[in-house]
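For clarity, every value in this text was computed on a predicted model and none was experimentally measured. Starting from 1, each residue takes its place in the sequence as its number.
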Amino acid sequence: MDDLIMEYDLCDYSIMDASTGLQQLSLKSTETNIAELALSQSPLSTPGVRDSPISGTVPPDSFAVISHSNPLNSEYRLSCPKQQKSNIQNLRNIEIFAQPQPTQRPFYASDINDRPPRYIRGVHKELNGKTYNYPAVRIPDTYLNSNRIFYIRVTLTTVELKDGRRYIHPNSLEIMNRGNRSEILSYSTGILYRITGNDVDSNEIMTFDNLVAIKCKQSQLEDYGDLISFQTGKKCPNTAKSDPKQMIANYQLQKSQLAFSVFERVSQGRWQHIETIFSDVMQEEKEGQNMRTISAKSVFYEKFRSTNKTSEVNQWEFVQGTGENGWGTGQKQYYTVNVDKNARCENGRVIIEARKENYKGCEYTSARLRSKQSFRYGRFEIRAKLPSIKGTWSSFTLLPAVHTYGHAMWPDNGEINLMSHVGRDPTTIRSSVYTKSNNPSQNNTPFNTTKIPDATIHFKTYTLIWSPDEIEMFVRLNDGDKDDRRILIWEKQDRDWQFWPFDQEFHLEIFLAVGGNVAGNEIDDHQFPARLEIEYVRFKPMGEGEE
């Protein structure tokens with residue numbers, strides 16, 4: 001038994017005499033409901049009972065498993081041929097076509113019910129008119145043009161450490177949507193896919209979309225116990241640490257890789273390992289940090305230091321008037337170009353001021369500023385203090401620069417509301433997006449809110465991170481915080497322009513409105529004027545090559 005080492009806490013072991021030339025090991029379990037026999041997480045190990053690792057180090061081309069499904073005292077025979085090998089010489093190697101993106105944002109179990117999943121994204125690739133935005137592997141046609149049955153298993157692992165060891169990552173790898181896949185088997189630490197012509201496209205590419213790595217928090221890591229070796233499938237004693245931070249540092253758990261292992265199903269319950277390859281390293285990014293490399297120079301930066309009321313405000317366009325039907329929501333103000341009253345630089349800030357005064361048939365005046373520059377893909381930061389007067393509505397909104405999609409400019413061409421705030425609810429802000437398929441008329445607007453107790457007292461930093469496949473919005477509650485609070489995430493998920501019109505350039509608009517359907521018509525006139533104060537507006541584009 002030198003070439004077969006087995007350990008399993010729940011089983012009685014006994015060597016079985018075999019006249020067939022096979023070394024055999026009998027695992028007799030007294031469990032009444034034993035889990036199905038599945039591939040363990042090691043590419044070089046024998047298969048193991050699900051959630052109870054059976055480990056062993058054997059040659060990668062010389063093991064098989066036969067399972068018997070007796071409900072009581074179930075017996076599993078592991079067979080290891082001494083010389084017999086599968087014919088794998090005619091199989092070409094698989095290779096990774098689209099690597100995962102080098103940085104990935106964490107997703108938590110608590111996010112599953114109320115937030116869209118954050119899938120493991122891939123580096124954008126194109127080939128023969130097809131687009132790939134998720135990790136993808138090239139599958140040679142020799143795996144398809146055969147009567148043999150092959151599977152590919154995806155496992156989330158740690159990086160290889162200095163001592164050569166690699167572990168199953170404590171973060172859980174899950175698949176959120178199986179789609180039209182021919183066959184997928186999900187295990188506690190990996191996903192097994194059947195390799196078929198339906199799952200491999202005309203470019204010989206198999207895409208692994210809808211994969212989510214659910215983060216094991218520090219508090220959960222304390223209960224996780226010892227790590228499981230990727231090489232052997234066994235738990236490794238003394239790898240658990242009483243201090244989760246030490247465990248994260250020792251085993252570099254802020255990093256991970258995807259392992260792609262190919263197996264052939266030789267017969268019912270018999271598996272042959274073919275090969276394993278590893279993806280590039282994925283680095284976990286904290287909430288609120290910039291998840292992408294951005295150019296060192298901001299292409300747009302406004303810090304309103306001027307003492308001249310007009311010199312810097314006039315870098316923006318003034319949007320005038322009442323719009324159609326009070327900008328579509330029955331607003332009561334008139335937007336002016338008055339730099340003395342409604343929009344001005346003052347003490348290093350831009351002030352948008354709503355005033356109670358009759359002007360051109362309206363009861364109030366205010367200002368709406370639009371950036372002369374348009375933007376696409378990058379990071380916005382706006383630092384502002386919001387008004388507290390009932391009946392006001394302040395907003396940082398991105399609107400399309402041109403009419404690209406559909407029949408109507410809005411909502412067909414999209415809208416991104418980084419921050420929306422009404423004075424009647426002064427401690428709540430809201431972030432949202434609008435598209436043709438998701439808008440108020442459909443009663444399915446994507447939005448979320450968060451509480452900021454002092455939003456009208458102190459300046460806060462509001463952040464938008466916008467990429468070709470994802471929009472996220474954050475707020476920093478306190479200047480000393482390392483992490484920002486995420487408000488909303490909206491993902492493309494390979495959907496068309498009706499869900500994702502955000503691949504074009506947008507202008508930024510900042511306004512302070514009074515009354516109407518959003519702000520409400522209970523207005524505290526005696527508290528006017530109302531002030532929206534902005535300390536700076538920054539935009540940094542995505543780095544070259546990230547689109």
Side-chain angles (χ1 to χ4, degrees), residues 318-336 342-343 352-370 382 384 386-400 406-452 455-456 462 473 475 487-488 490 501 506-532:
F318 281 75
V319 180
Q320 299 183 60
T322 60
E324 184 177 348
N325 186 30
W327 300 97
T329 60
Q331 298 169 29
K332 296 181 178 299
Q333 80 291 329
Y334 189 99
Y335 288 133
T336 78
N342 298 123
I352 297 180
E353 189 169 280
R355 303 172 68 91
K356 170 64 176 169
E357 59 182 353
N358 293 321
Y359 186 79
K360 293 190 175 182
C362 295
E363 303 175 50
Y364 305 87
T365 60
S366 188
R368 184 180 186 119
L369 303 182
R370 176 190 295 150
I382 303 176
L386 310 178
S388 60
I389 298 176
K390 185 183 293 185
T392 60
W393 171 29
S394 49
S395 182
F396 310 146
T397 300
L398 283 93
L399 294 168
H407 299 291
M409 185 67 167
W410 190 94
D412 296 13
N413 289 270
E415 178 180 338
I416 304 170
N417 285 317
L418 168 55
M419 190 287 303
S420 184
H421 174 270
V422 293
R424 71 175 184 273
D425 190 4
T427 63
T428 300
I429 65 167
R430 166 178 162 142
S431 297
S432 60
V433 297
Y434 298 106
T435 70
K436 179 177 176 59
S437 295
N438 299 84
N439 59 74
S441 66
Q442 303 291 331
N443 294 318
N444 61 355
T445 300
F447 77 94
N448 203 7
T449 62
T450 193
K451 289 290 185 181
I452 309 179
T456 63
Y462 302 90
M473 293 173 248
V475 62
I487 309 170
L488 181 70
W490 181 249
F506 280 62
H507 290 286
L508 171 64
E509 295 193 9
I510 299 175
F511 64 82
L512 175 55
V514 181
N517 300 337
V518 176
N521 291 314
E522 289 188 28
I523 305 171
D524 287 343
D525 289 344
H526 65 282
Q527 294 191 33
F528 275 70
R531 290 161 56 110
L532 169 60

Find out whether [X] and [Y] are in side-chain contact, i.e. whether some heavy atom of one side chain is under 4.5 Å from a heavy atom of the other.
| X | Y | answer |
| --- | --- | --- |
| D412 | P501 | no |
| I389 | P387 | no |
| M409 | P400 | yes |
| F447 | N417 | no |
| V422 | R430 | no |
| F511 | L532 | no |
| H421 | T456 | yes |
| L386 | M419 | yes |

Could you list the residues that satisfy side-chain hydrogen bond (donor to acceptor under 3.5 Å, both in side chains) with [X], not counting sequence neighbours?
| X | value |
| --- | --- |
| N444 | none |
| D525 | Y364 |
| T336 | N342 |

Are the side chain of [X] and the backbone of [Y] linked by a donor-acceptor contact shorter than 3.5 Å?
| X | Y | value |
| --- | --- | --- |
| S366 | L512 | yes |
| N413 | A408 | yes |
| E415 | Y434 | no |

Rounded to the nearest 0.5 Å, what separation is found between the [atom1] atom of [X] and the [atom2] atom of [Y]?
| X | Y | atom1 | atom2 | result |
| --- | --- | --- | --- | --- |
| N439 | S437 | CG | OG | 8.0 Å |
| T435 | W490 | OG1 | CH2 | 5.5 Å |
| I510 | I352 | CD1 | CD1 | 6.0 Å |
| R370 | E509 | CZ | CD | 4.5 Å |
| I487 | T450 | CD1 | OG1 | 6.0 Å |
| W393 | R424 | CH2 | CZ | 10.5 Å |

To check you understand the geometry: which heavy-atom pair defines the closest contact between [X] and [Y], and what is its length?
| X | Y | result |
| --- | --- | --- |
| M473 | S431 | SD-CB, 3.6 Å |
| G516 | N521 | N-OD1, 2.9 Å |
| Q442 | K436 | CG-O, 4.3 Å |
| F318 | A343 | CE2-CB, 3.6 Å |
| G414 | F506 | O-CE2, 3.8 Å |
| A384 | F396 | CB-CZ, 3.6 Å |

Could you walk me through whether I382 and L508 pass the side-chain contact (heavy atoms from CB on, under 4.5 Å) test, one step at a time? CA-CA 11 Å; I382 303 176; L508 171 64; 4.0 Å; yes
Starting from the C-alpha separation in whole Å, work towards a yes-or-no answer on side-chain contact (heavy atoms from CB on, under 4.5 Å) for F528 and I523. CA-CA 9 Å; F528 275 70; I523 305 171; 3.6 Å; yes
Would K451 and D425 satisfy side-chain contact (heavy atoms from CB on, under 4.5 Å), going step by step from the backbone distance to the final call? CA-CA 10 Å; K451 289 290 185 181; D425 190 4; 3.7 Å; yes
